[in-house]
S.K.: 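Following this message is one structure expressed as structure tokens.
Lettering of chains follows the sequences in order, A, B, ..., and the numbering in each one begins at 1. Since this is a predicted model, take the numbers as computed values, not measurements.
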Amino acid sequence: MSTPERPVSSNFIRTIITEDLESGKRDQVVTRFPPEPNGYLHIGHAKSFSLNFGLAEDFGGCCHLRFDDTNPLKENDEFVEAIKADVRWLGFDWGEHLHFASDYFDQFYLWAVQLIKAGKAYVDSQTAEQMRENRGTLTKPGVDSPYRDRSREENLELLEKMKNGDFPDGAHILRAKIDMSSPNMNLRDPAMYRILHAHHHRCGDQWCIYPMYDFAHGQGDSIEGVTYSICTLEFEDHRPLYDWFIQELGIFAPQQIEFARLNLSYTVMSKRKLLQLVNDKHVSGWDDPRMPTLVGMRRRGYPPEAIRTFCERIGVGRGASWIDLSVLEECVREQLNQTAFRRQAVLDPIKVTIANYPADKVEELDAPNHPQQPDMGIRKLPFSHELYIERNDFMEDPPKKFFRLAPGREVRLRNGYIIKCEEVIKDENGEVVELKCSADLDTLGKNPVGRKVKGIIHWVSAEQAKEVEVRLYDRLFNQENPDKGENYLEALNPESMQTTTALIEPELLAAEPGTTFQFERVGYFTVDSEDSQRGKPVFNRTVTLRDTWAKLK
RNA sequence: UGGGGCGUCGCCAAGCGGUAAGGCACCGGAUUUUGAUUCCGGCAUUCGCAGGUUCGAUCCCUGCCGCCCCAGCCA
């Protein structure tokens, strides 16, 4: 496994574990990442499993990957495989420890029987509505079910029949007998098993009853010897219930520690909403480059190292926090800056002709693949008398601080000569269509004497340039918190993807899907892995370059 | 107005009774054939508010205020 530098910053979980190890309360660290295979993983999950795998790594323990597959109605193997691939993509390894809650269904059933025998569980035959009414409210205690005092024998028989499929869905339910007046709603006789005549992705039609997450999660951790069950804050209220099951069953007790889940600005993180975005075709799929899913980010071109850096950088706490999307983008730039080959591409072209350069001449200029890393080599860049430059690199009447091309001004062509704008040609509408320039042919690889040329712009040679499709991605939502309004769909950014045609240097035509380049002065672009064809790449804008000029304006 | 949590710089986040780490952002300045990168420097007399305990409190106590989570046969 690659070990990205980890400026081991302290956090409260690390502190707890360190103390436990020192005091002898624990002698090893076993964590786990327990996703439900009902959707694709997103950046919030990455925070969670980076934490879990990272902790195991730091303390010389291990981290399990366990699928909590207790609801067959929503789960399937496609998600299982995708989740495994995502965790691996980020560079984590669960070794031998690939588990499923469904591996433990027999044991869970035995434990349910055990609790009935101990008078700690009963079969309720109220309808779901009745149960809801009798549960009370936040301020009113609940009312005991009329079935609460059934005999153990009757409970046992009913559960057996539930298991055998003798009842339709919803006819009965197994509940823990705790306290209907508990101020903690989770302790008001929570459901343990429900009847579900459903096909399970791993068990097939073996079961007609399935354990609730609350009756499976804690015991799954216990069976696996998980020492630290790290989960998000919303499960804090469930901890007394998990502890109750563990205690009544007399089994190994993991320690649950909760942390705040990740909130990222300009995006949504709930699986339900991501699923809706996919189903309602607001995006092209789970791997749409605008999605906060790991498959989406991979396709967008975000390197796994950047995501790990991000997870490390944002830290872990117990207060609800909002991380700005720009923090993630900065991690992406940081990584890509070191690894991406530099290329030239023009997204919004304007023609430039070099009057003093022979019309029939084509020069192959040497251009470094990475100016700071010579060992990354060079490539050839064709130069001729007719070029394209970026439209916004020219201004007819520029402010003093604009050091790009303007009438009478000089500018350096990146990796090429210094040129001077001699004449501006417009069409009948006054639109600039071409710039006539002259080149100082003694400036290739050196600066002219006696004058300084500050501006540098990128370009492509007109005849050799190739046209490719480029997708300019932007944030999916234009509200910082899309959930703040009535309906998060209203916050969708209509301009989150804009397709355009770019002119690229010819070398780029052979780019392999999944590779990322820096289009100098523009941004990082990754060859789309779905829609590119051999010799016909489609580029996704991964992230723009920082642009202090844009801020100045 | 039941219960469980949380409030330290613009955003994260250390700190656990001895006098405010770090990262990101931001602002200067240097280098630069990417207005990118890199580099150097700056950036909380103050820890939600008000009292109290103490020689000393962000850390302990009390009371306020604000925010988040819980009433699925979802996870």
S.K.: Please tell me if A/Thr15 has a side-chain N or O lying less than 4.0 Å from either OP1 or OP2 of B/G15.
M.R.: yes
S.K.: Using the C1' atom in both, what is the distance from B/C16 to B/C59, to the nearest Å?
M.R.: 6 Å
S.K.: In whole angstrom, give me the gap between the C1' atoms of B/U8 and B/A44.
M.R.: 9 Å
S.K.: Need one value for A/Lys74: base, sugar-phosphate or nothing, where a base atom within 4.0 Å counts as base even if backbone is also close, heavy atoms only.
M.R.: sugar-phosphate
S.K.: Check whether any side-chain nitrogen or oxygen of A/Thr70 sits under 4.0 Å from OP1 or OP2 of B/A75, and answer yes or no.
M.R.: yes
S.K.: Quick check on B/A36: is either OP1 or OP2 less than 4.0 Å from any side-chain nitrogen or oxygen of A/Thr548?
M.R.: yes
S.K.: Quick check: on RNA chain B, is the nucleotide nearest A/Ala128 upstream (toward 5') of the one nearest A/Ile314, or the reverse? Name the residue that is more 5'.
M.R.: A/Ile314
S.K.: With respect to the side chain of A/Met212, which nucleotide from B/A75, B/C12, B/G35 is positioned closest?
M.R.: B/A75
S.K.: Applying the side-chain contact (heavy atoms from CB on, under 4.5 Å) test to A/Val460, which of A/Leu387, A/Leu503, A/Ile389 qualifies?
M.R.: A/Leu503
S.K.: Does A/Arg404 get its side chain close enough to the base of B/G35, under 3.5 Å, for a donor-acceptor pair?
M.R.: yes
S.K.: For B/C74, give the paired nucleotide (Watson-Crick: N1-N3 plus N6-O4 or O6-N4; G-U: N1-O2 and O6-N3; both under 3.5 Å), or none.
M.R.: none
S.K.: Kindly say if A/Arg135 contacts the phosphate of B/G72, meaning a side-chain N or O under 4.0 Å from OP1 or OP2.
M.R.: yes
S.K.: Looking at B/C26, which nucleotide sits across from it as a Watson-Crick or G-U wobble partner, both distances under 3.5 angstrom, or is there none?
M.R.: B/G42
S.K.: Could you give the distance separating B/C9 and B/C24 at their C1' atoms, to the nearest angstrom?
M.R.: 12 Å
S.K.: When all nucleic acid strands are considered with a 4.0 Å heavy-atom cut-off, which category describes A/Gln518: base, sugar-phosphate, or nothing?
M.R.: base
S.K.: Check whether A/Tyr266 forms a cation-pi arrangement with A/Arg475 (NZ or CZ under 6.0 Å from the six-membered ring centre, at most 45° off the ring normal).
M.R.: yes
S.K.: Check every strand shown and say whether A/Ile209 touches a base, only sugar-phosphate, or nothing at a heavy-atom separation below 4.0 Å.
M.R.: nothing
S.K.: Can you find a donor-acceptor pair, distance only, under 3.5 Å between A/Asp237 side chain and B/G3 base?
M.R.: yes
S.K.: Where does B/G63 fall, syn or anti, if syn means a chi angle no more than 90° from 0?
M.R.: anti
S.K.: Under a 4.0 Å N-O cut-off, is there an ion pair linking A/Asp440 with A/Lys446?
M.R.: no
S.K.: Find the partner of B/C49: check Watson-Crick (N1-N3 plus N6-O4 or O6-N4) and G-U wobble (N1-O2, O6-N3) distances, both under 3.5 Å, and reply none if neither fits.
M.R.: B/G63
S.K.: Under 4.0 Å, counting only non-hydrogen atoms across every strand here, what does A/Phe402 touch: a base, just sugar-phosphate, or nothing?
M.R.: base
S.K.: Measuring centre to centre across the rings, with the benzene-like ring taken for any Trp, is A/Phe383 within less than 6.0 Å of A/Trp459?
M.R.: yes
S.K.: Answer with base, sugar-phosphate or nothing: what part of the nucleic acid does A/Asn415 contact at a heavy-atom distance below 4.0 Å?
M.R.: base
S.K.: Give the nucleotide from the list B/C26, B/G35, B/C70 with an atom nearest to the side chain of A/Leu138.
M.R.: B/C70
S.K.: Tell me, do A/Phe108 and A/Gln219 make a side-chain contact under 4.5 Å, heavy atoms counted?
M.R.: yes
S.K.: Just by distance, do the side chain of A/Arg404 and the backbone of A/Ile457 share a donor-acceptor pair under 3.5 Å?
M.R.: no
S.K.: In whole Å, what separates the P atom of B/C60 from that of B/C47?
M.R.: 15 Å
S.K.: Looking only at side-chain N and O atoms, does A/Arg546 come under 4.0 Å of OP1 or OP2 in B/U37?
M.R.: yes
S.K.: Nearest to the side chain of A/Pro183, heavy atoms from C-beta on, is which of B/A14, B/G3, B/G72?
M.R.: B/G3
S.K.: OP1, OP2 of B/C6 versus side-chain N and O of A/Arg318: anything below 4.0 Å?
M.R.: yes
S.K.: Give none if B/G35 has no partner; otherwise give the nucleotide forming a Watson-Crick or G-U wobble pair with it, both distances under 3.5 Å.
M.R.: none
S.K.: Side chain of A/Gln372, heavy atoms from C-beta onward: which of B/A14, B/G2, B/A36 has the nearest atom to it?
M.R.: B/A36
S.K.: Choosing from B/U37, B/U34, B/G35, which nucleotide comes nearest the side chain of A/Arg342?
M.R.: B/U34
S.K.: Go nucleotide by nucleotide along RNA chain B from the 5' end; which of A/Leu196 and A/Glu234 gets its closest nucleotide reached first?
M.R.: A/Glu234
S.K.: For B/C16, what is the paired nucleotide under Watson-Crick or G-U wobble rules, both distances under 3.5 Å?
M.R.: none
S.K.: Categorize A/Tyr193 for me: base, sugar-phosphate, or nothing, with a 4.0 angstrom heavy-atom threshold over every strand shown.
M.R.: nothing
S.K.: In whole Å, what separates the P atom of B/G3 from that of B/G22?
M.R.: 41 Å
S.K.: Taking any heavy-atom pair under 4.0 Å as a contact, classify A/Thr127: base, sugar-phosphate, or nothing.
M.R.: base
S.K.: From the options B/U34, B/C69, B/G2, select the nucleotide whose nearest atom is closest to the side chain of A/Arg521.
M.R.: B/U34
S.K.: May I ask you to evaluate whether A/Lys551 reaches the phosphate of B/G35, defined as a side-chain N or O under 4.0 Å from OP1 or OP2?
M.R.: no
S.K.: Decide whether a cation-pi geometry holds between A/Lys163 and A/Tyr109; the criteria are a distance under 6.0 Å from NZ or CZ to the six-membered ring centre and an angle within 45° of the ring axis.
M.R.: yes
S.K.: Would a distance-only check, ignoring hydrogens and angles, find a side-chain to backbone donor-acceptor pair under 3.5 Å from A/Ser125 to A/His172?
M.R.: no
S.K.: If you check every side-chain atom of A/Glu236, which of B/G4, B/A14, B/A71 has the closest atom?
M.R.: B/G4
S.K.: Considering only atom P, compute the distance from B/A36 to B/G29 and round it to an integer number of Å.
M.R.: 13 Å
S.K.: With C1' as the reference atom in both, quote the distance from B/U19 to B/A57 in angstrom, rounded to an integer.
M.R.: 10 Å
S.K.: What's the gap between B/C70 and B/C64 when it is taken at their P atoms, as a whole Å value?
M.R.: 25 Å
